[in-house]
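I have placed the structure first, in the form of structure tokens, so that the comments after it can refer back to it.
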Amino acid sequence: MASLAAWYREHGRHDLPWRLTTDRWAVLVSEVMLHQTQVSRVLEAWPGFIGRYPTPPTMAAVAPGEVIRAWGTLGYPRRARALWEAARVVSERGWPDDLSELPGVGRYTAAAVAAQADGADAPGVEANIRRVVERIAGRQLGDAAAEALSIEVGRPLRGRDRLLALMDVGALLCRPRAPKCDACPLSARCKTRGVLPDDGRRRQPRYEGSFRQRRGRVLAALRSGPQGLSDLDADALRSLEADGLAVITGTTARLP
DNA sequence: AACCCGGGGGG
DNA sequence: CCCCCAGGGTT
């Protein structure tokens, strides 16, 4: 079987538009947009969004509601709000040494941006890489252990190449269901070679009939333009205000 | 550790 | 119908 490096050169998704830049802001925006959102959807949204807000100051200069509206229906609009706040921080104080100090940027995203934009040899573990290393280990792993194993199995690749190669293996071969172990460059040292039993984390409650669905409906209404606040779900609207998301209306919404 | 946060696509 | 998505923040 070919090495990870050879497989990556041949089969990696080298054409994804956010992989064609090493600009910190552009990479950060792509990473935040990809939080719990499929590549196929981000492909449609990222070019226009980064074209509209190509630098932190261009985003910091507009009202947060505009950014939330530009976010559209990508979901988890608090990401857009946090991005606007991060843009303000960067515009005023510059980039922090530790990117996870920025709002909406956690352990994975800080490492992913450092690896892709700054050439750092930082291990990041998201959903795909977690699946890869946990199947190799044959068990679930904590963050630090998963990162350490990603460094091991990624050798001799480092930094950006390791991150993206393992991510692509996870997305294209080591899939949640029906993994293609025959084609996998890591199968020789894989303990599972298949699907690990009962991964069961992050199980989400039904959306239908949920409070988040109610929030979603109010969000959609606010996104579409000015609304008669009395026509909206008051509990959901209050919740959105508490999260700083009701600013889509242009001014802070006044509750009845 | 458990729960919350949108919305869409796939088996 | 259930599962999953290039997570992060809060409790």
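Residue numbers begin at 1 in each chain, while the letters A, B, ... track the order of the sequences. Just so you know, these numbers use all the heavy atoms, side chains as well, and skip hydrogens, waters and symmetry mates.
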So what does [X] touch, heavy atoms closer than 4.0 Å: a base, only the sugar-phosphate, or nothing?
{"X": "A:Ile129", "value": "nothing"}
{"X": "A:Gly106", "value": "sugar-phosphate"}
{"X": "A:Leu166", "value": "nothing"}
{"X": "A:Trp18", "value": "base"}
{"X": "A:Arg223", "value": "sugar-phosphate"}
{"X": "A:Val105", "value": "sugar-phosphate"}

Rounded distance in Å - [atom1] ([X]) to [atom2] ([N]):
{"X": "A:His35", "N": "B:dG7", "atom1": "NE2", "atom2": "P", "value": "18 Å"}
{"X": "A:Gln38", "N": "B:dG6", "atom1": "CD", "atom2": "P", "value": "16 Å"}
{"X": "A:Arg79", "N": "C:dT10", "atom1": "CZ", "atom2": "P", "value": "16 Å"}
{"X": "A:Arg206", "N": "B:dC4", "atom1": "CZ", "atom2": "P", "value": "15 Å"}
{"X": "A:His14", "N": "C:dA6", "atom1": "NE2", "atom2": "C1'", "value": "16 Å"}
{"X": "A:Arg217", "N": "B:dC5", "atom1": "CZ", "atom2": "P", "value": "14 Å"}
{"X": "A:Asn128", "N": "C:dC5", "atom1": "CG", "atom2": "P", "value": "7 Å"}
{"X": "A:Glu208", "N": "B:dG9", "atom1": "CD", "atom2": "P", "value": "16 Å"}

Look at [X] and [N] and indicate whether a side-chain polar atom (N or O) is within less than 4.0 Å of OP1 or OP2.
{"X": "A:Thr109", "N": "C:dG8", "answer": "yes"}
{"X": "A:Arg131", "N": "C:dC5", "answer": "yes"}
{"X": "A:Arg78", "N": "B:dG6", "answer": "no"}
{"X": "A:Tyr76", "N": "C:dG8", "answer": "no"}

Distance between the [atom1] atoms of [N] and [M], in whole angstroms?
{"N": "B:dG9", "M": "C:dG8", "atom1": "C1'", "answer": "23 Å"}
{"N": "C:dT10", "M": "B:dG7", "atom1": "C1'", "answer": "22 Å"}
{"N": "C:dA6", "M": "B:dC4", "atom1": "P", "answer": "23 Å"}
{"N": "B:dC5", "M": "C:dC1", "atom1": "C1'", "answer": "22 Å"}

- Does a distance-only test, which skips hydrogens and angles, find a donor-acceptor pair under 3.5 Å between the side chain of A:Gln36 and the base of C:dC5? no
- Message: So for A:Ser40 and B:dG8, does any side-chain atom that can act as donor or acceptor lie under 3.5 Å from a complementary atom in the base?
- Response: no
Quick one: which of [options] gets closest to the side chain of [X]?
{"X": "A:Thr73", "options": "C:dC5, B:dG8, C:dA6", "value": "B:dG8"}
{"X": "A:Leu219", "options": "B:dC4, B:dG6, C:dA6", "value": "B:dG6"}
{"X": "A:Tyr207", "options": "B:dG7, C:dA6, C:dC3", "value": "B:dG7"}
{"X": "A:Arg212", "options": "B:dC5, C:dA6, C:dC3", "value": "B:dC5"}

- Note on the structure: The single option from A:Val29, A:Leu102, A:Val105 that satisfies side chain to side chain contact (heavy atoms under 4.5 Å, CB included) with A:Leu83 is A:Val29
- A:Trp84 side-chain N/O to A:Val62 backbone N/O, donor-acceptor pair under 3.5 Å: yes
- Using atom types as modelled and distance alone, determine if a side-chain donor or acceptor of A:Ser210 lies under 3.5 Å from a backbone N or O of A:Gln213. yes
- Message: So, applying salt bridge (Lys or Arg N to Asp or Glu O under 4.0 Å) with A:Asp243, which one of A:Arg215, A:Arg212, A:Arg79 is it?
- Response: A:Arg215
- Query: Taking both distances under 3.5 Å as the test for a Watson-Crick or G-U pair, what stems of at least three pairs does DNA chain B have?
  - Reply: B:1-5 with C:7-11, B:7-11 with C:1-5
- Query: Going by an N to O cut-off under 4.0 Å, is there a salt bridge joining A:Arg130 and A:Asp143?
  - Reply: yes
- Comparing nearest nucleotides in DNA chain C, the 5'-proximal residue of the pair A:Thr37, A:Pro103 is A:Thr37
- A:Leu34 or A:Leu102: which one's nearest nucleotide on DNA chain C is closer to the 5' end? A:Leu34
- Task: Assess whether atom CZ of A:Arg158 is packed by more than 12 heavy atoms of other residues, nucleotides or ligands within 6.0 Å.
- Result: no
- Go through the steps to decide whether A:Arg93 and A:Glu101 satisfy the test salt bridge (charged side-chain N to carboxylate O under 4.0 Å, His left out), and finish with yes or no. CA-CA 12 Å; A:Arg93 305 175 221 162; A:Glu101 288 175 11; over 6 Å; no
